[in-house]
Protein chains: 2
Amino acid sequence: MLDRKISVIIIDDHPIVIEGLKSLLNGNPEIDITGTFTTGKEAVLLLKKEYPDIILLDINLPDVNGIDLCREIKTLVPEAKILALSNHTERNIILQMLSNGANGYLLKNISRQELLKAINAVRNGEIYFSSEINEIIAKPTRYELQGIPKLTKREQQVLDLIAEGKTTQEMGDQLNVSPLTIETHRRNLHYKFKVKNAAELIMAATRCKLL
Amino acid sequence: MLDRKISVIIIDDHPIVIEGLKSLLNGNPEIDITGTFTTGKEAVLLLKKEYPDIILLDINLPDVNGIDLCREIKTLVPEAKILALSNHTERNIILQMLSNGANGYLLKNISRQELLKAINAVRNGEIYFSSEINEIIAKPTRYELQGIPKLTKREQQVLDLIAEGKTTQEMGDQLNVSPLTIETHRRNLHYKFKVKNAAELIMAATRCKLL
DNA sequence: TTTTTTCTACTGGTTTTCAGGTATTTTAAA
DNA sequence: TTTAAAATACCTGAAAACCAGTAGAAAAAA
C-alpha cells in the first residue's frame with residue numbers, strides 16, 4: 001500500500017457535506033481527495049479521465065438520480081469502489097444502490113472512525129454498511145417482503161385519480177375510457193396490492209411510495 | 001463590531017455537518033466557533049454558562065426534539081440568535097421553529113456565502129430564510145392552509161380501521177356499536193377533512209400525519 | 001350546574017364499489 | 001413474426017358506501 005495514496009472523490013451537492021468529508025479525511029496521510037463535485041455530470045466528465053480508488057456518492061443530486069449515476073459510474077470505472085452516502089433508510093433504495101454496483105452504504109451521521117473503516121473495508125473488496133443499515137437490511141417489514149407491485153401507466157393514472165377522490169365515472173370521463181374499463185383497472189390494482197378496497201389501496205400504495 | 005468576534009455554537013449530531021460548518025466558517029476572521037455539540041443536553045449545559053451570539057441548530061437530534069430545544073434555548077439565552085439548520089421543507093415545521101424563537105431557517109445545502117449572509121442578517125436583527133424556504137413559506141398548499149382537523153378518540157379509531165380496509169359492518173362489530181354509528185363517524189370524518197370518499201380521506205389523513 | 005361536545009342510533013334514500021365473468025384491440029417482448 | 005401482456009370494453013348482481021336529516025344519552029367543559 002505504500003506505493004501511492006488512496007485517491008478519493010466526493011460527489012455531493014451540499015457544500016457543508018463536502019467540507020465535512022474533506023475535514024474528516026484530510027488528517028489521514030494515506031488519503032488524497034482528488035476531486036469534489038456538486039453534480040453528477042461534472043463527476044462523470046472527470047471519471048472519463050481519472051480513475052479514483054474510492055467514490056463517496058450522495059444519492060440526492062440536483063441533476064441526476066444517484067441510483068442511476070451509481071450504475072453509470074460502475075460501468076465507467078468498474079475497479080473504483082463506490083460508497084453510497086445518504087440519509088435514506090429505505091430498504092429498497094439501499095438494495096437498489098447495491099444492485100447498481102455500490103460497495104457500501106453509509107448514513108451521513110457517520111463518524112470519522114467509521115468512515116475510515118468503511119474506506120479500508122471496501123478497498124479490501126469487502127461490502128461495508130454502517131450499523132443502522134445492517135439492521136435495515138436484516139429486518140425487512142411485511143410490505144417490503146411482499147415487494148412493490150409493478151403498475152402499468154394506466155394503472156398508475158387510475159391510482160392517482162383514486163387518491164384524488166375521483167369516482168369511477170369521473171375517471172372514465174377524464175381518461176376518455178368507459179367507466180367499466182376503470183373498474184377493471186381498479187380491480188387489477190386491488191389484486192396487485194392484495195387489498196380489498198380503495199382505502200386500503202391508498203395505504204398500501206403510500207407505503208410503497210407509489211403516491 | 002471590532003470589539004470582539006462573533007461567537008457561534010453548533011448543535012448537530014452529524015460529525016460531517018459539524019466539520020463542514022467549521023470549515024465553511026473558519027476562514028472568516030470575525031467568527032469564532034466556541035462550541036460544537038452532538039446532543040441537546042450537552043448544549044443546554046453549556047448555554048447556562050456561556051452566551052454565544054449565534055446558535056446553528058439542527059432539528060433532528062438524537063436526544064431531544066429540535067423544535068422544543070429551540071424554545072428552551074430561547075428562554076435560556078434570549079439575546080442569542082438561533083439559525084435553524086435542517087433538511088425539512090415542511091411548512092409547519094418551519095413555522096413552528098419560528099414560533100419557538102428561531103431567527104432564521106437554512107437548508108443544509110447552503111453555500112458559504114449564504115451562510116455568512118444569514119449570520120450577518122440575524123446579527124442585525126433580521127429574520128433570514130434561504131431562498132427555497134422563502135418560497136415554501138410564501139406558497140402554502142391547500143392542505144396547509146386548511147389546517148389539521150381535530151379528531152375525537154372515536155373518530156381516530158374509526159379512521160385507523162378504515163385505513164386497514166375494514167368495512168362499516170366490521171368496524172361496528174369490532175367497536176361494539178351499530179354500523180349506523182360508524183357511518184356517522186365516517187360522515188364526520190369526511191366533513192372534517194373536506195373529502196368525499198374513503199380514498200381521499202386516507203390521502204388527507206396521511207398528509208396531516210394522522211395515520 | 002349549565003352548556004357543549006361526543007357518541008350513539010335511526011329513517012330512507014342514492015350512488016359507488018366490488019367480484020365474478022367474457023372478449024377485442026393495441027402494444028411490447030421473445 | 002409469433003406470443004404474451006396490457007388496455008380497452010361490456011355485463012350482472014350484491015355489497016358497501018354515501019347523503020341528509022333527526023335526536024337522545026353520556027361525557028366533558030364552561
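Order of the sequence lines sets the chain letters (A, B, ...), proteins ahead of strands, with each chain counted from 1.
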Can you check the His190(B) NE2 to dA17(D) P distance for me, whole Å? 10 Å
Lys74(B) side chain to Ala80(B) main-chain N or O, any donor-acceptor pair under 3.5 Å? yes
Residues from residues 175-187 of chain A sitting under 4.0 Å of DNA chain C, heavy atoms only? Glu183(A), Arg186(A), Arg187(A)
For the residue pair Lys81(A) / Asn124(A), report whether a side-chain donor-acceptor contact shorter than 3.5 Å exists. no
The single option from Ile55(A), Ile73(A), Ile33(A) that satisfies side chain to side chain contact (heavy atoms under 4.5 Å, CB included) with Ile9(A) is Ile55(A)
Should Thr167(B) be listed as having a side-chain N or O under 4.0 Å from OP1 or OP2 of dA15(D)? no
Glu155(A) CD to dA5(D) C1', in whole Å, measures 11 Å
Taking atom types as modelled, find out whether Thr39(A) and Glu42(A) have a side-chain donor-acceptor pair closer than 3.5 angstrom. yes
If only side-chain N and O atoms of Thr168(B) are considered, is one of them under 4.0 Å from the OP1 or OP2 phosphate oxygen of dA16(D)? no
Could you state the atom-to-atom distance from CG of Asn188(B) to P of dC19(D) in whole Å? 12 Å
Would Glu183(B) and Arg186(B) pass as an ion pair if we require N to O under 4.0 Å? no
Minimum heavy-atom distance between Gln156(A) and Leu210(A), given as atom pair plus value: NE2-O, 3.0 Å
In whole angstroms, the gap separating P of dA16(D) from NZ of Lys196(B) amounts to 22 Å
Would you kindly give the CD-to-P distance between Gln157(A) and dA7(D), to the nearest whole Å? 9 Å
Please determine, for the side chain of Lys153(B), which listed nucleotide (dA6(D), dC7(C), dA19(C)) has the closest atom? dC7(C)
Check the distance between dA17(D)'s P and Asn197(A)'s CG and give it to me in whole angstrom. 7 Å
Can you see which heavy atom on Ala84(A) is nearest to which on Met97(A), and at what distance? CB-CE, 3.7 Å
With both pairing distances under 3.5 angstrom for Watson-Crick or G-U wobble, and | for a partner in another strand, the correct string for DNA chain C is .||||||||||||||||||||||||||||.
Taken to the nearest whole Å, OH/Tyr191(A) to P/dA7(D) is 16 Å
Does a side chain donor of either Asn28(A) or Lys5(A) reach within less than 3.5 Å of an acceptor in the other side chain? no
Judged by modelled atom types alone, do His88(A) and Asn60(A) share a side-chain donor-acceptor pair under 3.5 Å? yes
Take atom NZ of Lys150(A) and atom P of dA29(C), then tell me their distance rounded to the nearest Å. 14 Å
